[in-house]
Undergrad: 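Pasting a structure below so you can have a look.
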Amino acid sequence: MAKDFSTREENYSQWYNDLVIRAGLAENSAVRGCMVIKPYGYAIWEKMQAALDKMFKDTGHSNAYFPLFIPKSFFSKEAAHVEGFAKECAVVTHYRLKNAEDGSGVVVDETARLEEELIIRPTSETIIWDTYKNWIQSYRDLPLLINQWANVVRWEMRTRLFLRTTEFLWQEGHTAHATKEEAVEEAFTILKVYTDFAEKWMALPVLTGKKSSNERFAGAIDTYCIEALMQDGKALQAGTSHFLGQNFAKVFDVKFLSKENKLDYVWATSWGVSTRLMGALVMAHSDDRGLVLPPKLAPIQVVIVPIYRKKDQLAQISVHANNIKDALTKKGISVKYDDRDTYKPGWKFSEYEFTGVPIRLAIGPRDLENGTIEVARRDTLEKEVLQMTDIENKVEHLLLQIQENIFQKALSFRDNNTFSVDSWEEFKDVIEHKGGFVLAYWDGTVETELAIKEETKATIRTIPFTHNPEEGKCIYSGKPSNQRVVFAKAY
RNA sequence: CGGGAUGUAGCGCAGCCCGGUAGCGCGCCACGUUCGGGACGUGGAGGCCGCGAGUUCGAAUCUCGCCAUCCCGACCA
């Protein structure tokens, strides 16, 4: 019922922006490119954090915190890493302000110039590896499994709420291992965590695989990723896990003595997901009536709206509403009883629909007479009137059903928008007219990938893990290829 | 950083060509009637018209400069 609100059909990116703002998730701030995450949006992020944090802990990781600032000299040590991030770093050059002599305000005090400039972290590999050097001497100190929740800054040309902001929130894991095998295994463990999180919590089906060298993280040997498909047919990288080899260990001189008393560099991984997941969540499930949230991440899972004329009616309804609220709360379900007198039921219905609350319960005079309650679900917009008896179990069950339905809907959307093509003409046609994931043979060279990107704007999103290679010919160069890779236009 | 557009009430906009001291919708406040899908009536509050110069008796309106934001490209999670 959201009037004056764009539809996906009319203008997908406008729809996304309107949705994020109108649903109270975030807004643009006074600082260019930076957003304010509003309470409702932040509540969703906190639920994501809580779920992921537990998964990290369950796989043996601990949290720690490293500085926001990184000495410039640290940053320039790993060549590929520098190349990858240098163009988008914010730099702190001074540490003091003073009043302008002409009284026009505050100016930088030029006499307070830092001897060594500080970079605001775009990612923390360098400061962390410089620190790990002191923490690791022996194989007994390994593996070192650390995560940090932090903000980072990447000076982007163009920003969009959640999808790409100058400052964003994320978690970054940084681990050190005695062997290459162990480090690779760690990268895969995390990839599995991310996959599970996306599918089970966000109800977002993802493809997993390896990045092409072109899309790989600067400084990594291999980058593994989860990729999701948005409703406009564009792909969104939702998380990455990197096998870093010994690159950072060598640069920061992190060595350990093995059981055999041999000195060797440690093997490393790093991995992260960011507030970008919020964008993925919105774009994957929502519709023209507003947000659709999977119950597991919804700040409010159930809202109860009373319908009444007179105060004494409200009092009667409230008795039932509060009983239901208590019963649901006992089951660990987050419930809001919205008995505000300042808004009408119809207004509330629209509001909770727009903000994606999975289940709405309405109790009115009719229900009081019949011992019933109206149950409306956000994902299908279906309404039914149920007996009030045992409602908490029905609601609990329905939440699970909604979670599953949202996932299945996203999954079938992806299936319906995944195409396998064998010719260049077909490839161009699908990328341009249909979008989605396009599976095609590729000769494995950067040149071909770049040429395809140049002509179609599509990139290799991921190279799927496969145990049974099949022979084919590269759609672009015609050269032999032993597996199909996933192409798409991406966010 | 290139191309395009826009800055007027909390939000969305009109007014600008053709200069005369600011208006509409939503929202907000009060009261009353309403309340099962965004209610209605009556009354009210709220604006250095992005900033700075200039032209003019007079500028939201004309001229010049600046700033900011948004959209489209190149770069990126």
Side-chain angles (χ1 to χ4, degrees), chain A residues 1-6 11-14 17-18 21-22 27-33 83-89 122-123 151-172 194 211 214-218 220 223 225-228 235-242 270-280 289-290 305-311 313-314 317 338-355 360-370 372-376 381 383 385 453-454 457 459 461 490-491:
Chain A
M1 304 298 273
K3 4 176 205 222
D4 69 295
F5 171 67
S6 317
N11 186 341
Y12 191 84
S13 76
Q14 186 73 44
N17 286 339
D18 287 356
I21 291 167
R22 290 272 309 275
E27 62 188 35
N28 284 308
S29 72
V31 186
R32 183 198 182 88
E83 179 136 1
F85 288 105
K87 286 165 289 185
E88 50 190 42
C89 285
T123 178
N151 58 339
V152 288
V153 166
R154 295 183 189 174
W155 214 262
E156 299 290 348
M157 295 291 182
R158 252 181 93 189
T159 58
R160 290 194 64 193
L161 293 169
F162 290 119
L163 298 175
R164 176 166 298 109
T165 46
T166 300
E167 178 192 16
F168 57 95
L169 305 184
W170 77 345
Q171 59 68 215
E172 49 180 325
Y194 287 164
K211 283 292 187 189
N214 187 49
E215 298 275 326
R216 187 199 289 151
F217 171 72
T223 290
C225 63
I226 55 171
E227 290 279 330
L236 185 100
Q237 179 174 304
T240 50
S241 177
H242 316 287
S270 70
W271 27 274
V273 294
S274 70
T275 36
R276 184 178 230 205
L277 290 178
M278 295 285 295
R289 286 164 168 259
V305 177
I307 292 146
Y308 61 95
R309 269 170 224 207
K310 295 172 194 127
K311 281 270 152 61
Q313 260 175 345
L314 174 63
I317 290 167
D338 188 351
D339 60 351
R340 285 178 298 176
D341 193 32
T342 44
Y343 293 96
K344 299 181 56 190
W347 188 92
K348 292 176 185 172
F349 288 1
S350 299
E351 190 67 8
Y352 293 111
E353 192 165 280
F354 200 81
T355 49
R360 184 189 72 232
L361 303 176
I363 310 173
R366 275 208 304 274
D367 297 303
L368 289 185
E369 279 173 35
N370 305 330
T372 55
I373 187 164
E374 185 190 82
V375 180
L381 296 166
K383 283 196 287 199
V385 176
K453 183 181 180 184
E454 181 67 28
K457 286 179 187 155
T459 50
R461 300 323 303 154
Y491 273 96

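Side chains included, hydrogens not; waters and symmetry mates left out as well; all remaining heavy atoms used. Convention: sequence-line order gives letters A, B, ...; per-chain numbering from 1.
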Undergrad: With C1' as the reference atom in both, quote the distance from C70(B) to G50(B) in angstrom, rounded to an integer.
TA: 15 Å
Undergrad: For G19(B), which nucleotide in any strand shown is its Watson-Crick or wobble partner with both distances under 3.5 Å?
TA: none
Undergrad: What's the closest nucleotide to the Glu353(A) side chain, out of G38(B), G37(B), C75(B)?
TA: G37(B)
Undergrad: How long is the line joining CG of Leu314(A) and C1' of G36(B), in whole Å?
TA: 15 Å
Undergrad: Which of these nucleotides, A77(B), G36(B), C71(B), is closest to any side-chain atom of Gln237(A)?
TA: A77(B)
Undergrad: Is Arg32(A) near enough to U69(B) that one of its side-chain N or O atoms lies under 4.0 angstrom from OP1 or OP2?
TA: yes
Undergrad: If the C1' atom of A22(B) is compared with that of C29(B), how far apart are they to the nearest Å?
TA: 22 Å
Undergrad: Which atoms form the tightest heavy-atom contact between Gly279(A) and Phe162(A), and what is the distance?
TA: N-CB, 3.8 Å
Undergrad: Rounded to the Å, how far apart are Lys311(A) NZ and U34(B) P?
TA: 14 Å
Undergrad: So which nucleotide from G37(B), G38(B), G36(B) ends up closest to the side chain of Pro345(A)?
TA: G36(B)
Undergrad: If you measure from the C1' atom in G20(B) to the same atom in C11(B), how many Å do you get, rounded?
TA: 30 Å
Undergrad: Can you label the angle between the Tyr343(A) ring and the Trp347(A) ring as parallel, tilted or perpendicular, going by 30° and 60°?
TA: parallel
Undergrad: Answer with base, sugar-phosphate or nothing: what part of the nucleic acid does Leu163(A) contact at a heavy-atom distance below 4.0 Å?
TA: base
Undergrad: At under 4.0 Å between heavy atoms, what does Arg160(A) touch on the DNA or RNA strands: base, sugar-phosphate, or nothing?
TA: nothing
Undergrad: What integer number of Å spans the C1' atoms of U8(B) and G46(B)?
TA: 14 Å
Undergrad: Grab the CG-C1' distance between Asn11(A) and C70(B) for me, whole Å please.
TA: 12 Å
Undergrad: If the C1' atom of C57(B) is compared with that of G19(B), how far apart are they to the nearest Å?
TA: 12 Å
Undergrad: Please report, rounded to the nearest Å, how far the C1' atom of G36(B) is from the CD1 atom of Ile373(A).
TA: 13 Å
Undergrad: Using a 3.5 Å distance criterion without hydrogens, assess whether the side chain of Arg276(A) forms a donor-acceptor pair with backbone atoms of Gln237(A).
TA: yes
Undergrad: Keeping the roles fixed (side chain from Lys211(A), backbone from His242(A)), state whether a donor-acceptor pair exists under 3.5 Å.
TA: no
Undergrad: Of the candidate nucleotides G36(B), G37(B), A77(B), which contains the atom at the shortest distance from the side chain of Asp367(A)?
TA: G36(B)
Undergrad: From the set G38(B), G36(B), A77(B), return the single nucleotide nearest to any side-chain atom of Arg366(A).
TA: G36(B)
Undergrad: Report the nucleotide, chosen from C35(B), C75(B), G37(B), that has the shortest atom-to-atom distance to any side-chain atom of Ser350(A).
TA: G37(B)
Undergrad: What contact category does Phe168(A) fall into here, base, sugar-phosphate, or nothing, at under 4.0 angstrom with non-hydrogen atoms?
TA: base
Undergrad: Show, in sequence, the C-alpha distance, side-chain angles and deciding distance for Gln171(A) and Val273(A), and conclude whether the side chain to side chain contact (heavy atoms under 4.5 Å, CB included) test is met.
TA: CA-CA 6 Å; Gln171(A) 59 68 215; Val273(A) 294; 3.4 Å; yes
Undergrad: Whole angstroms only, please: what is the CG-C1' distance between Asn151(A) and A77(B)?
TA: 15 Å
Undergrad: Does Asn17(A) use its side chain to pair, donor to acceptor, with the backbone of Gln14(A) at less than 3.5 Å?
TA: no
Undergrad: Any strand counts, and the cut-off is 3.5 Å on both contacts for Watson-Crick or G-U wobble. Which nucleotide pairs with C49(B)?
TA: none
Undergrad: Expressed in whole Å, how much space separates the C1' atoms belonging to G23(B) and C66(B)?
TA: 29 Å
Undergrad: Rounded to whole Å, please give me the gap between CD in Glu88(A) and C1' in A74(B).
TA: 14 Å
Undergrad: Ignoring hydrogens and geometry, is there a side-chain-to-backbone donor-acceptor pair from Tyr308(A) to Ile363(A) under 3.5 Å?
TA: no
Undergrad: If you look at every strand shown and take non-hydrogen atoms under 4.0 Å, does Thr165(A) touch a base, only sugar-phosphate, or nothing?
TA: base
Undergrad: Report the base-pairing partner of U33(B) (Watson-Crick or G-U wobble, both distances below 3.5 angstrom), or none.
TA: A39(B)
Undergrad: Look at the side chain of Arg154(A) and the backbone N and O of Glu88(A), then say whether any donor-acceptor pair between them is shorter than 3.5 Å.
TA: no
Undergrad: Looking only at atom C1', what distance separates C51(B) and G43(B), rounded to whole Å?
TA: 37 Å
Undergrad: What's the CD-P distance between Glu215(A) and A77(B), to the nearest Å?
TA: 7 Å
Undergrad: What nucleotide, of A77(B), G36(B), C70(B), holds the atom closest to the side chain of Glu156(A)?
TA: A77(B)
Undergrad: So, does Lys348(A) use its side chain to make a donor-acceptor pair with the main chain of Asp338(A) at under 3.5 Å?
TA: yes
Undergrad: Under 4.0 Å between a side-chain N/O of Asn17(A) and OP1 or OP2 of C70(B), yes or no?
TA: no
Undergrad: Please confirm whether any donor atom in the side chain of Arg309(A) sits under 3.5 Å from an acceptor in the base of G36(B), or the reverse.
TA: no
Undergrad: Check every strand shown and say whether Lys383(A) touches a base, only sugar-phosphate, or nothing at a heavy-atom separation below 4.0 Å.
TA: base
Undergrad: Return the nucleotide paired to G73(B): Watson-Crick means purine N1 to pyrimidine N3 with N6-O4 or O6-N4, wobble means G-U with N1-O2 and O6-N3, both under 3.5 Å.
TA: C1(B)
Undergrad: With nearest nucleotides of RNA chain B determined for Ala376(A) and Phe217(A) from heavy-atom distances, which residue corresponds to the more 5′ nucleotide?
TA: Ala376(A)
Undergrad: Of all the choices, A39(B), A77(B), G38(B), which nucleotide is nearest to the side chain of Lys344(A) once you look at every atom?
TA: A39(B)
Undergrad: Check every atom of G38(B), G36(B), G37(B) against the side chain of Arg289(A) and return the nucleotide holding the closest atom.
TA: G37(B)
Undergrad: Give the rounded distance in Å between these two atoms: CG of Asn28(A) and C1' of C70(B).
TA: 9 Å
Undergrad: Take atom C1' in A45(B) and the same atom in C31(B), then report the distance between them in whole Å.
TA: 15 Å
Undergrad: Can you tell me the Watson-Crick or wobble partner of A59(B), both distances under 3.5 angstrom?
TA: none
Undergrad: Starting from the 5' end of RNA chain B, give me the residue, Lys457(A) or Phe85(A), whose nearest nucleotide shows up first.
TA: Lys457(A)
Undergrad: Taking a pair as Watson-Crick or G-U wobble with both distances under 3.5 Å, which nucleotide is matched to C26(B)?
TA: G10(B)
